[in-house]
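Note sheet for the following structure.
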Amino acid sequence: MSTSFVVTVALPVPLRRQFDYLPSHPTDLRENYPPGSRVQVPFGRRSLTGVILAISDESELPISRLKPVAKVLDRAPLIPSVILQLCQWVADYYHAPIGEVVFAALPPPLRTANADTDIISSLQETYWGATSLGLSAGNAEHLIKGAKQKQLWGLLLKRKSMLQGDITGLGYSLTQLRALSAKGLIQPHSHIPGGGGAAPQIIEPPQLNQEQQEALNRISSEPDSFRTILLNGVTGSGKTEVYLAWIALALSQRPDSQFLALAPEISLTPQLRQRFALRFGDKVAAYHSALTDKERMRVWINILEGRTQIVIGTRSAVFLPFNDLAGIIVDEEHDSSFKQQDGARYNARDLAILRAKEHSCPIVLGSATPSLESLMNARGGRYESVLLRQRAVNADTPSIRLLDIKSRPLHGGISPPLLEEIKQHLTEQRQVMLFINRRGFSPTLMCVECGWLAECQHCDARLTYHMKAALLRCHHCDSTYSLPTCCPKCKQDSLKAVGAGTERTEEFLETTFPDTPVIRIDRDTTQTKGSLQDKLLQIRSNEPCIIVGTQMLAKGHDFPNLALVGIINADSGLFSSDFRAAEKTAQLLLQVAGRAGRSAVEGKVIIQTLFPSHPLLQAIAAQDYNAICEEELHIREAGRLPPFTSMALIRAEAPLLEAALGGLWSLKESLLELLKFNDGLQIEVHGPFPSVMQRKQNRFHAILWLFAPQKAELRQFLKHWLRYSEGIATPSGFRWLIDVDPLETL
DNA sequence: AGCACGCCGACT
DNA sequence: GTCGGCGTGCTC
């Protein structure tokens with residue numbers, strides 16, 4: 001029996017390489033080095049935490065150059081082998097350093113070596129439940145002041161006990177808990193997570209309509225086989241109810257199985273989570289980057305040990321260590337935030353499909369406006385297609401009207417006809433939502449005398465004027481500038497805020513409708529934890545109000561009394577050089593429009609534009625997403641663009657534009673060189689081009705476009721090329737990376 | 001990414 | 001005379 005073996009380790013360094021080590025002692029057994037366990041190893045002159053990828057008989061390097069592992073940190077593998085496989089695949093497909101990928105799959109506390117301390121014991125947390133006094137007080141509501149506290153009390157009455165992390169996760173504060181505790185209504189107690197206790201409160205599921213029932217039948221027809229189902233349902237068609245019914249059905253057949261639901265952004269998860277929690281109680285947990293390390297850690301461990309069965313998460317949740325996954329849902333599958341934009345640039349939607357395959361379970365991709373990629377896959381028979389054509393709650397699809405704002409005066413971005421409509425709907429006790437793609441007061445500050453514009457010193461961008469904060473801010477590098485009192489160039493008192501952002505529209509509406517609440521929802525007003533939740537609760541009270549907000553509003557929210565949606569300006573996406581602009585614009589506008597008239601209320605959408613005859617807007621007004629896709633697919637096919645070809649980018653940056661472009665020229669030269677030896681390959685290299693936003697934080701950005709007929713061809717070629725790209729001389733300060741299947745191509 | 005080694009400017 | 005700038009090279 002040979003005892004000599006080599007341990008291959010992934011380390012958190014940006015190198016496309018694995019590192020081999022020897023066991024700590026020559027007599028060590030292979031069983032003590034299971035793949036997926038963390039190790040402490042010497043690396044250069046520092047010591048790093050790594051993850052064992054594999055054990056093998058020999059190394060590419062001579063044994064004499066290998067160092068021994070310092071310590072094995074985990075007794076059992078922390079990362080299941082399916083996740084390790086997924087990481088390997090991501091590293092290979094996206095040409096990402098394996099270490100970066102593996103460490104992205106671990107919750108932050110496990111990335112560093114807090115040695116072998118017992119993780120579970122550190123997870124004991126506080127639970128809150130009603131006291132006997134609270135329970136016997138009957139209607140204790142009159143004792144409680146705040147609406148939020150009343151709600152919290154109601155929640156704690158229904159659920160016998162709740163983990164503090166879950167309570168705060170739903171947007172309640174510790175202050176609110178303490179206030180109830182001070183009244184003697186509730187008390188904290190501790191017990192170990194998963195030790196039973198909290199009884200899930202199950203609400204009676206609503207009756208599915210016939211379409212939903214048919215969709216459910218299709219999805220659940222073969223529970224134990226891998227299938228990708230594209231659930232294409234108009235906004236308001238009740239996709240979420242189908243998901244819930246599917247999970248309920250699957251759990252009745254296999255009670256211990258697990259489910260993963262991915263949602264594009266955190267802003268969406270609380271609501272989705274609540275709907276899941278109402279149905280499945282504390283089987284449900286949320287997982288996203290806004291959680292504290294401890295919260296993430298707890299969810300991670302609970303999934304690993306099978307205590308948490310259903311997770312609502314954002315893209316990083318695709319790496320969670322489920323071991324008995326029975327189904328995956330990707331909600332709003334077209335959304336570009338599933339694509340990671342830094343580090344390992346993976347698309348969580350595509351990884352989710354891979355996971356479903358690994359676990360041999362169905363995956364449902366849901367959207368009212370599916371991506372062209374998914375539509376193509378459905379056509380090619382790789383995905384099954386399920387349609388929901390009607391809105392669920394006897395509501396019609398809203399009407400969309402294009403409003404020409406040429407030569408119409410705008411106040412706070414709003415034209416007189418739109419203002420009339422707002423008035424009208426408010427008198428009818430309805431809610432109104434205005435969508436503006438810009439936060440801040442105005443996107444430009446200019447001098448009307450000499451034409452001076454407030455610009456960022458570090459970026460090629462105008463500064464946004466924030467009135468309440470009384471400053472200028474760059475939305476690209478986040479630097480701030482104090483507000484000039486007069487024009488810095490001509491010294492006259494002639495500065496003017498040009499254009500409208502959410503803040504200006506909010507201000508205008510507040511003065512125009514002093515008796516109506518104006519609720520602004522953008523990154524600036526939802527910074528503090530729970531503030532978005534508060535605003536959403538206020539809207540869901542169904543009192544008349546005006547909601548002003550950015551993209552955040554477009555996704556998934558369900559506001560029953562919302563009747564009118566105004567889109568302040570639809571024109572930014574009409575003349576972009578991004579080949580995905582039409583697809584993105586159609587998706588965004590139709591999603592926003594879909595917020596209107598979701599229950600019995602009749603919905604109306606008004607899109608302000610300078611180009612009402614633009615074909616894309618015409619098609620959007622006709623709500624013919626199919627026609628838009630049809631047209632787009634023709635254009636993409638003719639232009640040999642994705643999804644008809646495979647695409648990758650090389651993105652570069654350097655302190656000078658010349659260096660960024662020059663470095664890319666060197667890379668391109670070497671790519672072409674390698675292509676010469678591979679005659680059969682139909683790979684095209686275009687560029688280099690300066691990025692649309694050339695200068696960002698005083699660094700210059702440029703890109704190279706690569707196209708190939710097949711994904712595998714491009715992947716193989718790049719893999720091959722990377723093996724000897726290290727010798728290429730590039731200018732100093734030149735950094736570059738590969739972006740496979742980019743969604744952002746400028 | 002770190003963290004070294006390595007050659008050229010203003011300071012006790 | 002040294003302290004220190006960041007250029008480039010390596011890490012199993």
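Chain naming here is simple, since letters A, B, ... match the order of the sequence lines and numbering starts at 1 in each.
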Tell me yes or no: between the side chains of A:Ser371 and A:Glu583, is some donor less than 3.5 Å from an acceptor? no
Tell me if a side-chain donor or acceptor on A:Ser576 pairs with a main-chain N or O of A:Ser572 at a distance below 3.5 Å. no
With heavy atoms of chain A within less than 4.0 Å as the criterion, where does contact along DNA chain B begin and end? B:dA1 to B:dA4
Students often mix this up, so state it plainly: with edges at 30° and 60°, are the rings of A:Trp705 and A:Phe707 parallel, tilted or perpendicular? perpendicular
Pairwise 5' ranking along DNA chain B for A:Arg45 and A:Pro14, keeping only the more 5' one: A:Pro14
For a quick check of understanding: with a heavy-atom distance under 4.0 Å over all strands, which category does A:Leu15 fall into, base, sugar-phosphate or nothing? base
Does this structure show an ion pair linking A:Glu455 with A:Lys489, if we count only N-O contacts that are shorter than 4.0 Å? no
Backbone N/O of A:Ala76 and side chain of A:Asp74: donor-acceptor pair under 3.5 Å: no
Under 3.5 Å, side chain of A:His95 to main-chain N/O of A:Arg715, donor-acceptor pair present? yes
State whether the side chain of A:Arg349 and the backbone N or O of A:Val330 hold a donor-acceptor pair below 3.5 Å, judged by distance alone. no
When you list every nucleotide of DNA chain C with an atom under 4.0 Å from a heavy atom of chain A, which one comes first 5' to 3', and which comes last? C:dT11 to C:dC12
Heavy atoms under 4.0 Å, any strand shown: does A:Phe43 hit a base, just sugar-phosphate, or nothing? base
Indicate, with a heavy-atom threshold strictly under 4.0 Å, whether A:Pro12 touches base, sugar-phosphate, or nothing. nothing
Can any side-chain N or O of A:Gln587 pair as donor or acceptor with the backbone N or O of A:Asp335 at less than 3.5 Å? no
